[in-house]
Amino acid sequence: MRKVGIVGAGMVECRGRHIEKSYPELAQLAVMECAKDAQVDVVREADSGVIGIYNDILQSQAIPESTLQGHIGLANKSLTRVSSGGATGAYAMAVAHDRVASGRSDICLVLGVEKALDCYDFEAESATPAVVQAIGYSWDPWFERPLGEHASSSYAQVIIAYMDRHPGDLDPMVRARVVELLCGHAKNNPYAQRRGETVTAEEVLNSRYIVHPVHQLETCVYTEAACALIFASEKMTREIARRRNREPMWIRGVAEANEPYFVGDDIDYYKAINRIHSDYLVTKKALKMARLSIDDIQVIELHDAYIPQMLITLAEMGVVPVGRANDLVNEGIIMPGGKLLVNPSGGLMFGGHFVGGSNMMSTWSVMRELRGRDLQFGLVHGTGAINSNYGVAFVIERGES
Amino acid sequence: MKETKKIIPDVMIPYKGSKIEKGRDGAEYILRNDAMYTGYEHSQAEHSEFFLSLKNNCVILGRICPSCEKIDVPPAKLRCPPCSPPVDPTKHLQQIGFREMVVVALSDRGFLEATPPVVCFAPANFKSEVPYANGYVRLYTKEGTATNGAMKIRIRTTTGLMRPGIAKWKDEVKIVFRDEREGSICDIFAVPASELAEEQLQKSPLFESDIEWDRDMDLNIRVDDSFTQSGDFLRKEWMIFASRIERSKRAQKDLANWSSRILVATLGGDFGLLIVDGALVVDGCDLFDPDIILRVDDPKTLLRYVHDGYALTNLFLEGSLHLNVLNETIFKMDRLPRSLKRDGV
Ligand SMILES: [Zn+2]
């Protein structure tokens, strides 16, 4: 397997709604920014692309990637669309990694784009119920969808099942302080959807439950945006790094795992509802591939769809034991000055969650922090689908210049 | 005449047309009404046996693997991937894995694999059902063994609206059948066994009509003189709250194009709230035909909302606020405190 580097990143500002821009326009802007950042001529140098678009209903178009081919400079080249629930962005990156690692591609454009808020509920006169419904169409249509399942209820089910087994963990005040933390982080992210916003722990606890036990202010937002990355072979990564006069970034580890849909009592056969077992598996596997341990990781950008889920994920990753997630805050581990920097972009919570590309924004952020803070190892994580069943992890290393 | 329900309610179907909105750049952009829709005659395929059994026989079916003896419910797959059928010496190629599972009739008793979350904010098609809870239930076989798989099922309470704490991890439940069934997962739901009498628990199948519903819905208006003073105070605080909305663009936007008539009933007296044209108006006590009733004993309970911005939804879920319905009006009101704060009002 060949070594794979990341040579550039381009973001479009995250917004609740871009009524001024269609998804092809958002996509083209992100690719344009990425080409500039990498100093790569996409049309003449990129030989393939992978695109993450989560949900056709949100774009109001089936096979939306077909529109993009010409817009993003990949006329007559291979462009694979990936759709893997909430983890779509990370899965698209995994496919692009494999394409370069296999030797089939030397420069692969990776793009994630999503619209969302064009959906509209004409009864409630509000977009959100329609967005939630569009996502709700992801559930098994025979046994579960008729019951009104949706993203928040399924994450809440995992969270409350964890709390059943670990009473006292995921303390509401701990969670509220994490919201404050991420709110502060987002101020340093020029693309963050909620960068001007201030949320206090008290406001989090006062905010309504959307699905008990999850408060509205501990859930991520719906976002319209795009992010592009360029993955390259070792040779091209070194050449572009010289061209750009900066150190290369290497993908040292990558892993994906998908848990079964249906719930039951055997973790090897069913989904264990009190666990995010996929997060445990992919972190272990990606770190093994990188020949590192979780203690070597200095910055994590993880998929914080919901704050309590983010804390469970950090426990599954081995940052603290499962059942001891409160320690992340109470022992200061992820707090300012702590040993681990988590979601310096503000995460999906404050940065934004444009599903097809959120994990790519996380990658942009990890690379920025590795350079800006002179760090060596970072981890990018994506989760998604029903009951947080899909997991992806990447280990990123800042190389020598 | 039999009621006929449409899959897509009329109110959800947009009229042809469009509107113009200003973008951040000040230019005009068109928002064109549209809908993506596809009718289905959705085959229940191999699951038809399960759903027909619910509809016609009121029996829940699972599937058991003869090798590993795992019992799936719902019986979503027909074969067990890790297990192989017995070797067939007459065949050149043996089947590796994917052993055929066997249908097994389950009892209508089981327990919760986890505490079910309570949904307050629902997808568009389920707005009218909140607050609701779906939980994973492991059923018992006729021999009393628990299934390995857990089935997602609606959990209902006989006491009124669903709230946290009513159904918890490990709680025993009884499966109840709707009197009219169509062959869908909605034909059944579970009720905490602790809410049912012994004879109801023993009855199989137990029907929805065998149960008395909404036993503890307490919306009766009572007055206690010792609360009169705090009742008056609460009403004044609501008037101050309403006047703050007049100074907040965000709060007015929260209530825009919405109307509702709300009766606030406390032991210290009752009064009305009108939402109209982006404003909240505190009205007299003879509010005609309210569409929402907020009932608390101690008027101070509602000060947590008007003073501290604590969500009405949460007061309801915690049991200190009684509602006849949890709906969009409550959610819009729950946005107001933060909007007022963000506008510095
Ligand atoms: Zn088996």
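Chain identifiers are assigned alphabetically (A, B, ...) following the order of the sequence lines, protein sequences preceding nucleic acid strands; residue numbering begins at 1 within each chain. All values below were derived from every heavy atom in this structure, side-chain atoms included, with hydrogens, water molecules and symmetry-related copies excluded.
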- Item | salt bridge (Lys or Arg N to Asp or Glu O under 4.0 Å) between R338(B) and E197(A), worked out | CA-CA 12 Å; R338(B) 190 145 191 278; E197(A) 213 176 304; 3.0 Å; yes
- Query: Given a strict heavy-atom distance threshold of 4.5 Å, which part of S48(B) is in contact with chain A: side chain, backbone, both, or neither?
  - Reply: neither
- Under 4.5 Å from any heavy atom of chain B - which part of I19(A): both
- Message: What I want to find out is whether R24(B) reaches E20(A) closely enough, with some N-O distance under 4.0 Å, to be called a salt bridge.
- Response: no
- Task: Would you mind checking which part of S207(A) comes under 4.5 Å of any heavy atom in chain B, side chain (CB onward), backbone (N, CA, C, O), both or neither?
- Result: backbone
- Do you know which of P146(A), A134(A), A156(A) has the most heavy-atom pairs under 4.5 Å to chain B? P146(A)
- Item | Proximal component of Y155(A), with respect to chain B [non-hydrogen, under 4.5 Å] | neither
- Message: Between V214(A) and chain B, with a heavy-atom cut-off of 4.5 Å, which part of the residue counts as in contact: side chain, backbone, both or neither?
- Response: neither
- ring pair (Phe, Tyr, Trp, His ring centres under 6.0 Å) between F51(B) and F143(A): does it pass, once the steps are laid out? CA-CA 10 Å; F51(B) 291 118; F143(A) 299 107; 5.5 Å; yes
- Message: How long is the straight-line distance from CG of N148(B) back to OH of Y269(A), given to the nearest 0.5 Å?
- Response: 8.5 Å
- Message: Going by the rule ring pair (Phe, Tyr, Trp, His ring centres under 6.0 Å), which residues pair with W142(A) if we only count those two or more places apart in sequence or in a different chain?
- Response: H42(B), H47(B)
- Okay, T115(B) and chain A: the region with an atom under 4.5 Å from a heavy atom over there is both
- Would a distance-only check, ignoring hydrogens and angles, find a side-chain to backbone donor-acceptor pair under 3.5 Å from H150(A) to V119(B)? no
- Item | Backbone of A124(A) reached by a side-chain donor or acceptor of E328(B) within 3.5 Å | no
- Interchain contact, I188(B) with chain A, by part (heavy-atom threshold 4.5 Å): neither
- Query: At a heavy-atom separation under 4.5 Å, does T219(A) approach chain B through its side chain, its backbone, both, or neither?
  - Reply: neither
- Message: For Y120(A), does the six-membered ring have the charged nitrogen or CZ of K19(B) within the cation-pi criterion, i.e. under 6.0 angstrom from the centroid and within 45° of the normal?
- Response: yes
- Task: Identify which part of S154(A) has an atom lying under 4.5 Å from any heavy atom of chain B, answering side chain, backbone, both or neither.
- Result: neither
- Query: Cut-off 3.5 Å, side chains only: do Y305(B) and N206(A) have a donor facing an acceptor?
  - Reply: no
- Message: Heavy-atom count check: over 12 atoms from other residues, nucleotides or ligands less than 6.0 Å from I20(B) CD1?
- Response: yes
- Item | Per-residue contact mode, L205(A) against chain B (heavy atom under 4.5 angstrom) | backbone
- Task: Give a yes or no on whether the backbone of N314(B) and the side-chain of R208(A) come within a donor-acceptor separation of less than 3.5 Å.
- Result: no
- Query: Taking S60(A), G136(A), P213(A), A151(A) one by one, which has the highest count of heavy-atom pairs under 4.5 Å against chain B?
  - Reply: S60(A)
- Message: Around atom CG of D308(B), are there more than 12 heavy atoms from other residues, nucleotides or ligands closer than 6.0 Å?
- Response: yes
- Examine whether an atom of F262(A) lies under 4.5 Å from a heavy atom of chain B, and if so say whether it belongs to the side chain, the backbone or both; otherwise answer neither. side chain
- Query: For P9(B), is it the side chain, the backbone, both or neither that has a heavy atom under 4.5 Å from a heavy atom of chain A?
  - Reply: neither
- Item | Contacts of H353(A) that satisfy ring pair (Phe, Tyr, Trp, His ring centres under 6.0 Å) - sequence neighbours left out | H303(A)
- Item | Under 4.5 Å from a heavy atom of chain A, the part of K170(B) involved | neither
- For Y310(B), check ring pair (Phe, Tyr, Trp, His ring centres under 6.0 Å) against everything at least two apart and list the hits. none
- Query: Can you name the residues of residues 162-175 of chain A that have some heavy atom under 4.5 Å away from a heavy atom in chain B?
  - Reply: D164(A), R165(A)
- Query: Does one side chain, of Y270(A) or D72(B), offer a donor that lies under 3.5 Å from an acceptor on the other?
  - Reply: yes
- Note on the structure: Interatomic distance, CG@D118(A) vs CG@L31(B), rounded to 0.5 Å, equals 7.5 Å
- Message: At a 4.5 Å cut-off on heavy atoms, which part of K332(B) comes close to chain A: side chain, backbone, both, or neither?
- Response: side chain
- Task: Given salt bridge (Lys or Arg N to Asp or Glu O under 4.0 Å), test D121(A) with K127(B) step by step and report yes or no.
- Result: CA-CA 11 Å; D121(A) 181 331; K127(B) 293 192 297 283; 2.5 Å; yes
- What part of F189(B) is in contact with chain A, defined as an atom under 4.5 angstrom from a non-hydrogen atom: side chain, backbone, both or neither? neither
- Please flag which part of R154(B) lies under 4.5 Å from any non-hydrogen atom of chain A: side chain, backbone, both or neither. both
- Item | Interchain contact, H18(A) with chain B, by part (heavy-atom threshold 4.5 Å) | neither
